[in-house]
2 protein chains.
Amino acid sequence: MEKQTITIYDVAREASVSMATVSRVVNGNPNVRPDTREKVLKVIEKLDYRPNAVARGLASHRTTTVGVLIPDITNIFYASLARGINDVATMYKYNIILASADEGKHKVNTVLESILAKQVDGLIYMGQNIDDSIRKELDRSKTPVVLAGTVDPSGKIGSVNIDYVAAVKEATARLISTGNQHIAFVTGPLSDPINGQYRLKGYQTALADAKIAYDESLVFETEYSYRAGEAVWDAVKHAGATAAVITDDELAVGFLNGGIDTGAKIPEDFEIITSNNTILTEIVRPKLTSIAQPLYDIGAVAMRLLTKMMNKEEIEQNTVMLPHSIITRNSTK
Amino acid sequence: MEKQTITIYDVAREASVSMATVSRVVNGNPNVRPDTREKVLKVIEKLDYRPNAVARGLASHRTTTVGVLIPDITNIFYASLARGINDVATMYKYNIILASADEGKHKVNTVLESILAKQVDGLIYMGQNIDDSIRKELDRSKTPVVLAGTVDPSGKIGSVNIDYVAAVKEATARLISTGNQHIAFVTGPLSDPINGQYRLKGYQTALADAKIAYDESLVFETEYSYRAGEAVWDAVKHAGATAAVITDDELAVGFLNGGIDTGAKIPEDFEIITSNNTILTEIVRPKLTSIAQPLYDIGAVAMRLLTKMMNKEEIEQNTVMLPHSIITRNSTK
DNA sequence: GCAATAAATGCAAGCGTTTTTATATATTTT
DNA sequence: AAAATATATAAAAACGCTTGCATTTATTGC
């Protein structure tokens, strides 16, 4: 009664050729006489045959599937990267296994393990700092990995980013140039090297260049969320800051509104530069001046890089830095 | 030289049991003597054996993978649903193959085909209207499908939604109650039954109840995006509307800013109610009054429903309607 | 202590492909 | 036209697991 699924074997029989030949046709192997190809294609059409990707994966050791690890799919920053990843993946005929590894909730290791068990051909990794246990897991599977919007200070793993040091340095310098002497640095977890090493360094360097003493009490570490931004406004204000560099747009938007809602005038009383130039920066009033990262491109380039690795092509540069800029809007003077 | 991958066979040999027994241990089959189980587990640990999910999938006809079709991953509405889906999927040990089927760009059919080829155990479908070719594709594969935030007017396919008719009716009535006689309905594609049938009907019903004539020139069909919202403001204003019900938050936010930026006073001159109650409604000033849909829950419930279908459990109700409400903020009087 | 029954384990046939190797057929070369 | 070479096709062995069935081992009843 059950509608029998049609296999390559059925096609072979019906077309009076071997399975091997059908396989060749399906895979576009040129070693098939045109008329045989025709014949086989006709049968495939007639039987409405669809190759079983799982069987293919087992036999060929290629699943045409890549894993994508994302910290939070509702964060526009990561979602934008994901869009770039997705488009390029689609272009190269890969499917994406998406796994979200919310800090804590689903432990990265478990999630990673489940993805790797699925025999993905490659992995795009976003977010979370890469600790030893993760690195070990990555090593044991010989799966190619590319980090998108995430750094590996050891430089072993390929990655696509912007120059965070330079970007934050420029942003900070810009705030200094309009007379600010007390500039806050409002950031996500410093355990993430992007924040703790690169961005912080850019911030410090700009201060040093301007002969302003680095004051640790102006560094605010919190989480990437709107609420966290709202919540931190008071503290920043009380610390005596007159401007802030903020490392995430949701955070910055919360921070901005935290200020606005308590009567602060932005940018007159307080200047803000944020970091990701997502649509959020244009949605709020005043619009936010921002470091512009080519989010979509970071994802796209990361995925492209991964395709090369999966093809075992020669990689000229496994750490790529895309250009950034600063988009001036109305949260700065 | 290549580090040999360890298979179930290696474990079996090393533990001096059969592959079947190892398989039983790995799959938690109770028919294994505790000491044998111990022995096998020890070897698994020692060899660091990891089952190959692809081989498992081929042998068992279950991939523990579900497909998720999403129109646009950067749209907070869908991303929120996806988060609910993801959490429940993780809870039930399923991986997600995410495919984004941007209107047009990647045709739904192609994407669907590639997902189904991967032998997913089930499918969550969001967004796009389900036309005949899609329905056919869905039917041919016997894969269980649940729609999340998407309706199937035919009622054949399981789905999780809110009562769009009632929600929009309430929203419209609320605007009428504050004296508005010319209320615009700003929506995404009317080809989507949610808009074209349900929401529109709610809008019309509210008008009818208040004895206000339905005026087609107050219905504005556009796309779900910030820019589209900005762009449509003028037309709506010129049509003489004094309030609007808008079916998407990004759209609404663009619309709001389109107004604000041209000097309109909201809500004094113009009232707005939006539809999804995402964080965007709280980010803008004034904050937007909104229909509240339990986005995360829609996703979560949809996925839960799907797990039941995949287990062939009895489904009491394959179309579930979650409760909605209206959250009053500052874009209405 | 033995038959009857239940529980644990092993055997081996799939699952639906790809791919290597061998064979048959076609094409060139001389 | 035979030998040599190139091209198409076939045969069958993997790929790494699950699972139905057969077999062995343990448990129970009397």
Side-chain angles (χ1 to χ4, degrees), chain A residues 2-41 43-44 47-65 114 116-121 141-142, chain B residues 2-41 43-44 47-65 114 116-121 141-142:
Chain A
E2 269 292 313
K3 179 111 157 281
Q4 195 60 45
T5 79
I6 321 220
T7 74
I8 200 174
Y9 176 77
D10 300 313
V11 177
R13 184 168 30 69
E14 185 82 9
S16 0
V17 297
S18 73
M19 288 162 52
T21 298
V22 178
S23 177
R24 287 189 196 97
V25 169
V26 168
N27 293 295
N29 183 316
N31 288 6
V32 182
R33 269 213 328 268
D35 53 332
T36 339
R37 179 186 309 282
E38 257 339 290
K39 181 174 60 175
V40 171
L41 284 176
V43 174
I44 287 178
L47 301 185
D48 196 17
Y49 164 72
R50 313 284 182 97
N52 178 323
V54 174
R56 240 133 97 116
L58 182 58
S60 68
H61 298 286
R62 295 192 61 243
T63 54
T64 59
T65 300
S114 82
L116 292 174
K118 293 273 156 76
Q119 312 297 117
V120 293
D121 296 334
S141 87
K142 280 289 297 161
Chain B
E2 269 293 313
K3 178 110 158 280
Q4 197 57 47
T5 79
I6 321 218
T7 74
I8 200 174
Y9 177 78
D10 300 313
V11 176
R13 185 169 27 71
E14 185 82 10
S16 357
V17 297
S18 71
M19 287 161 54
T21 298
V22 178
S23 175
R24 288 191 192 97
V25 170
V26 168
N27 292 297
N29 183 316
N31 287 6
V32 183
R33 267 214 330 266
D35 54 332
T36 343
R37 179 187 309 282
E38 259 336 293
K39 182 173 60 174
V40 171
L41 284 175
V43 173
I44 286 178
L47 301 185
D48 196 15
Y49 164 72
R50 312 284 182 98
N52 178 323
V54 173
R56 242 136 88 122
L58 182 58
S60 68
H61 298 285
R62 295 192 61 241
T63 54
T64 59
T65 301
S114 83
L116 293 175
K118 293 273 156 76
Q119 313 295 120
V120 293
D121 297 334
S141 86
K142 279 288 298 161

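Predicted model only: the values in this text are computed from it and were never measured. Worth knowing before you read on, the calculation uses all heavy atoms, side chains too, and leaves out hydrogens, waters and symmetry mates. Chain naming here is simple, since letters A, B, ... match the order of the sequence lines and numbering starts at 1 in each.
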Does A:S60 or A:R33 map to a spot on DNA chain D nearer the 5' end, using the closest nucleotide for each?
A:R33

[atom1] of [X] versus [atom2] of [N]: gap in Å, rounded?
{"X": "A:Q119", "N": "C:dT17", "atom1": "CD", "atom2": "P", "result": "19 Å"}
{"X": "B:K39", "N": "C:dA8", "atom1": "NZ", "atom2": "P", "result": "14 Å"}
{"X": "A:R62", "N": "C:dT18", "atom1": "CZ", "atom2": "C1'", "result": "12 Å"}
{"X": "B:L58", "N": "D:dG16", "atom1": "CG", "atom2": "P", "result": "12 Å"}
{"X": "A:M19", "N": "D:dT9", "atom1": "CE", "atom2": "P", "result": "17 Å"}
{"X": "A:H61", "N": "C:dT17", "atom1": "NE2", "atom2": "P", "result": "16 Å"}
{"X": "B:Y9", "N": "C:dC11", "atom1": "OH", "atom2": "P", "result": "11 Å"}
{"X": "B:I8", "N": "C:dG10", "atom1": "CD1", "atom2": "P", "result": "12 Å"}

For [N], take OP1 and OP2 only and decide whether either is under 4.0 Å from a side-chain N or O of [X].
{"X": "A:R56", "N": "C:dT18", "answer": "yes"}
{"X": "B:N31", "N": "C:dT9", "answer": "no"}
{"X": "A:T21", "N": "D:dA8", "answer": "no"}
{"X": "B:S23", "N": "D:dT19", "answer": "no"}
{"X": "B:T5", "N": "D:dG16", "answer": "yes"}
{"X": "B:T36", "N": "C:dT9", "answer": "yes"}
{"X": "B:Y49", "N": "D:dC17", "answer": "yes"}
{"X": "B:S18", "N": "C:dT9", "answer": "no"}

Need one value for [X]: base, sugar-phosphate or nothing, where a base atom within 4.0 Å counts as base even if backbone is also close, heavy atoms only.
{"X": "A:R50", "result": "sugar-phosphate"}
{"X": "B:V26", "result": "nothing"}
{"X": "A:V54", "result": "nothing"}

With the side chain of [X] defined as its heavy atoms from C-beta on, choose the nearest nucleotide among [options].
{"X": "A:A20", "options": "C:dT17, D:dA10, D:dT18", "result": "D:dA10"}
{"X": "B:P51", "options": "D:dA10, C:dT17, D:dC17", "result": "D:dC17"}
{"X": "B:V17", "options": "C:dG10, C:dT18, D:dG16", "result": "C:dG10"}

With a 3.5 Å cut-off and no angle check, do the side chains of A:K118 and A:T65 form a donor-acceptor pair?
no

Can you tell me how far [atom2] of [Y] sits from [atom1] of [X], rounded to the nearest 0.5 angstrom?
{"X": "B:R37", "Y": "B:N31", "atom1": "CZ", "atom2": "CG", "result": "9.5 Å"}
{"X": "A:K39", "Y": "A:T36", "atom1": "NZ", "atom2": "OG1", "result": "6.0 Å"}
{"X": "B:L47", "Y": "B:T7", "atom1": "CG", "atom2": "OG1", "result": "9.5 Å"}

side-chain contact (heavy atoms from CB on, under 4.5 Å) between A:I8 and A:R56: does it pass, once the steps are laid out?
CA-CA 11 Å; A:I8 200 174; A:R56 240 133 97 116; over 6 Å; no

Look at the side chain of B:R24 and the base of C:dG10, then say whether one donor and one acceptor between them are separated by less than 3.5 Å.
yes

Pick the nucleotide of DNA chain C nearest each of B:R37 and B:A59; which residue has the one closer to the 5' end?
B:R37

Would you sort out whether A:V22 and A:V17 count as a side-chain contact (heavy atoms from CB on, under 4.5 Å), showing the intermediate values?
CA-CA 7 Å; A:V22 178; A:V17 297; 3.8 Å; yes

